[in-house]
Asks: 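The structure is given below, and queries will be raised subsequently.
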Amino acid sequence: MKKITITFPDGSKQEFDSGSTGGQIAETISRGLAKKALSVSVNGEVWDLARPITEDATVKILTWENPEGKSTYWHSSAHLMAEAVETLFPGAKFGIGPAIENGFYYDIDMGEHSLTNEDLSAIESKMVEFANRDVPYKREEVPWEHAVEYFTKKGDQYKLELLDEFKGQKISMYHHGNFTDLCYGPHLSSTGKIRFIKLMSVAGAYWRGNEKNKMLQRIYGITFPSKQELDEYLFRIEEAKRRDHRRIGAEMELFLLTPKVGSGLALWMPKGTVIREELEKFLRDEQRKRGYQPVVTPHIANLELYKTSGHYPYYKDSQFAPITMESGEQFLLKPMNCPHHHQIYAARPRSYRDLPIRLSEFGTVYRYEQSGELNGLIRVRGLTQDDAHIYCAHDQLKEEIKQTVELTQFVFHTFGMEVSTRLSFRDNKNTEKYGGDMAFWEQAEREIKEVADEMKLDYFVGIGEASFYGPKIDFMVKDAIGRTWQLGTVQVDYVMPERFQLEYTGSDGLKHRPVIIHRAPFGSFERFIGILIEHYAGEFPLWLTPVQTVVLPITDAQAEYGIKVVQDLKNAGIRTELDDRNEKIGYKIRDWEMKKVPYMLIVGEKEKASGTVSVRQHKKGDLGGIALETFISQIHEEVANKSITV
RNA sequence: GCUGGCGUAGCUCAGCGGUAGAGCAGCGGUUUCGUAAACCGCAGGUCGUCGGUUCAAAUCCGACCGCCAGCUCCA
C-alpha cells in the first residue's frame, strides 16, 4: 500500500496509507478531536472528512473553533434547509445557498407562493426532523453532461445556468437524504451534527445579485452545535435591537424623522444638538491645531460647477433634481462640498509657499438616496460632512496623508472604538467606472500603500471600493458589541485638480498641479451620531451627554437649595436640570436612571445643612455625600479627559 | 427602485365584520416622602390616506403614503 506523508499545523509529520481520510487522521490524533471535527483543510483547500487523501499534504482538522469549520457546518445546514423546503414545497427551484458570516441562506424560486412566518416554522421543524435522521452527506463527481441531465429533468434552470460556466469539467454533486445539489462542498459527515436550528427571516434577493434578474426568496437561518450558543446569538440580536439608535433617539429626544418633513431628513432636537455641537467643537479644535482653515459655502450652486467636477452626470440618479429658473439658469442642491472648496483655492494665484492649504467645513449636502436605502440616521438624504480638502504639492502628499490618518485614528480612539483600515482601490476589470488618467491612479494607489506600510497600518485591500475620482483609505470601526461600520475616509485625488485646472507656481517659476486629499473622519454627523448612539447604547461619555447632572430635592423644603445647586452647576458650565416634581425620591431616581443621566445629585435636609450633594452615578448607584465644589471639579476633570465610561 | 412584512392614544400593545380598550407617559388633586414605580381622578384616537365590498369596516378587498427587513446602490 502506498504511503503518504501528512504535515500538521505544528510542523510535525506522520505517515498514513494513501487514501486515508481527514476523519481517519483525526481519529489517530484523538477521539475528542475526531468527535469535534467538521471538515479538514488539505493544502489550504477545505475538504469533507470522508474524502480520501492520496498525496502528501499539509492537513489541519477543522472544528467549530475555525471559521472554515463553522462555514462547513452552515453550508451543510443550508442543504438541510433546502431538503426541508423541497419536501414541503415540491417544485421549488434553488439558486445558491452559501454559508455567511452569521449562518447561511438559500435563494429559492417558490413560483407564486410567498413564504410566511408559519412556513418558516414548518421548514424549521422539518429540518430538525431531517437532522435527527442523521444521514450522511455524500460527495459524487460526475461528468458535466450527467449533471446537466439531472437538473434538466428536475427543471432547475438556476442550477443549469450555474453549470453553463463549468462546461466540460467534472462536476461535484452532494447527496443527503432525498436531496441532491450541485455543490463544491465541503460538507459535514452527517446531518446529525446539526443540532440547534433557527430560521431568522425571509427576504427578496435578485438572482445573482443583478436587479434585472428575477427576485428569489432568500431564507436566512443559523444553526449551532449547542443550545447555549444559539441562545447567546439570539441574545446578541436582542442587544442590537436594544441599542437601535432610532429607538434610543426617539426616547432620549435626540432627533426626529417625520414624513411631514420628508424621508431621510432629520431634525435635530435640543438634546441631540448638544451632542452634535460637542462633536463639532472637538473636531474644530483638533483641526485648528493641525493647520486647517474653516470655510463656509452655500447649500446650492450652479449646475455647471457639478458638470465640471463630473459629479452631476455620474451621480445624476442619486441627486435631487436641478432647480431651473425662468432665465434658464440651473442650480443643484449640493451633493458634495469639494467643488466649492476648489473655487476658494482657485480664487487667486497660489504659490508653493502657500501649500499645503487645508480648507475645512461642516458642509451640509443633499443626496437623493433610494427609498429602500434610508435607515434612521445611518443613511439619510440631508447630511453634514466633517469635510476638508487639502491642496498640496506632490512632494507633500505622503506627509499630509499620514497626518490625516493620524487625526482619524486619534478621533476614533477618543470614542473608544477599535479601528481597522481598508485600502480601497479600483477594480482593473471595470475601468469605465473611474475618471481620470489611469497613470495617476497607479501613482495614487502606490503612494497610499507606501504610506500605509510606512505607518505600519494593519490594513487590507478592497478591490473595487475606490471612488470615481481616486483611491481611498477607509476606516472601519468596531463598536461595543463587535459590529463593524465604515466611517472615516481619506482619499487621494489627481482628477479634480485636472478638471478644475487648479495650479500653483513652483519654486522653478513654472505652473504645477496640486494634489487634493479629501478627508472626513466622522463621515457625516448623522451617520456618526447614529453609530455612537448604538456604540454607547445611549449612555454617552460625560463630555457628550446632553444632560450631565440632574438635581433631585427630596421634598419641597429643599427646593430652594436645589435651585442654588443647579445655578452653581450651570455657572460652572455643567449641563444640569432640576427635578422638583412632587414625586417620591425613588420615583425620580428610576425616571432619571432610565433617561441615562450620568449623575443624579440628591439633596435633602442633610445636604442642605452641610452644603453638600449626595451623588448617585448612573448604573453604579449611591456614591455618598460630597461638597458641591469637589463634585464640580471632578466633573470638570472627567469632561476635560473625555473619559469613556463604556 | 425591487421583494416581503407592518401602520390602532405621545410610547408599548390588545381588539380582527356589530357603539374603540389596557399599561406607561400627560394633566388635576391628595400625599412632602432618603437612593429604580405613593394614591385617587381626568383627558387623550375620523384605527396611515383614499376608494371599494357590506344593512354594518379598525377588522374583508384595491391603490397610494410611511416604516421595518433584505436585495440593488452609496461621491
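Proteins come first, then strands; the chains are lettered A, B, ... in the order of their sequence lines, and each starts at number 1.
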Asks: Between A/Phe255 and A/Trp268, what is the ring plane arrangement, given parallel below 30°, perpendicular above 60°, and tilted in between?
Replies: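 It falls in the tilted class, 30° to 60°.
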Asks: Distance check, C1' atoms only: B/U8 and B/C67, in whole angstrom units.
Replies: 15 Å
Asks: In terms of the angle between their ring planes, are A/Phe631 and A/Tyr599 parallel, tilted or perpendicular, with boundaries placed at 30° and 60°?
Replies: perpendicular
Asks: So which one's nearest nucleotide on RNA chain B is more toward 5', A/Tyr366 or A/Gln217?
Replies: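 Final value for this comparison: A/Gln217.
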Asks: Exactly one of A/Lys619, A/Lys588, A/Arg616 should register a side-chain hydrogen bond (donor to acceptor under 3.5 Å, both in side chains) with A/Glu593. Which one does?
Replies: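 Answer to the side-chain hydrogen bond (donor to acceptor under 3.5 Å, both in side chains) test with A/Glu593 among A/Lys619, A/Lys588, A/Arg616: A/Arg616.
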Asks: Give a yes/no answer on whether the side chain of A/Tyr587 brings an N or O atom under 4.0 Å of OP1 or OP2 in B/A25.
Replies: yes
Asks: Test for a donor-acceptor pair under 3.5 Å between the base of B/A75 and the side chain of A/Ser309, counting only N and O atoms.
Replies: no
Asks: What nitrogen or oxygen pairs link the protein and nucleotides 64-71 of chain B at under 3.5 Å?
Replies:
from	atom 1	to	atom 2	distance (Å)
B/C67	OP1	A/Ser263	OG	3.2
B/C68	OP1	A/Arg246	NH1	3.1
B/A69	OP1	A/Arg246	NH1	3.4
B/A69	OP1	A/Arg246	NH2	2.9
B/A69	OP2	A/Arg246	NH1	3.3
B/A69	OP2	A/Asn375	ND2	3.4
B/G70	O3'	A/Tyr220	OH	3.1
B/C71	O4'	A/Gly204	O	3.2
B/C71	O2'	A/Tyr206	N	3.2
B/C71	N4	A/Glu373	OE2	3.2

Asks: Ignoring hydrogens and angles, does a donor from either the side chain of A/Arg527 or the base of B/C74 sit under 3.5 Å from an acceptor on the other?
Replies: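 Looking at the base of B/C74, it does not pair with any donor or acceptor on the side chain of A/Arg527 (distance under 3.5 Å).
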Asks: Which is true for A/Tyr105 with a 4.0 Å heavy-atom rule: it touches a base, it touches only sugar-phosphate, or it touches nothing?
Replies: nothing
Asks: Which residue, A/Arg519, A/Met496, A/His518, forms the side chain to side chain contact (heavy atoms under 4.5 Å, CB included) with A/His389?
Replies: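 With A/His389 as partner, A/Arg519, A/Met496, A/His518 yield a single side chain to side chain contact (heavy atoms under 4.5 Å, CB included), made by A/His518.
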Asks: Identify all pairs in which a protein N or O lies below 3.5 Å from an N or O of nucleotides 33-35 of chain B, and state each distance.
Replies:
from	atom 1	to	atom 2	distance (Å)
B/C33	N4	A/Asn582	OD1	2.6
B/G34	O6	A/Glu605	N	2.9
B/G34	O6	A/Lys606	N	3.1
B/G34	N1	A/Glu607	OE1	2.9
B/G34	N1	A/Glu607	OE2	3.4
B/G34	N2	A/Glu607	OE1	3.4
B/G34	N2	A/Glu607	OE2	2.5
B/U35	O3'	A/Arg616	NH1	3.3
B/U35	O2'	A/Arg616	NH1	3.0
B/U35	O2	A/Arg616	NH1	3.3
B/U35	O4	A/Ser614	OG	2.2

Asks: Output yes when at least one side-chain N/O atom of A/Tyr315 is less than 4.0 Å from OP1 or OP2 of B/A75, else no.
Replies: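 Looking at the OP1 and OP2 atoms of B/A75, one of them is under 4.0 Å from a side-chain N or O of A/Tyr315.
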Asks: Can you tell me how far P of B/C74 sits from NZ of A/Lys472, to the nearest Å?
Replies: 10 Å
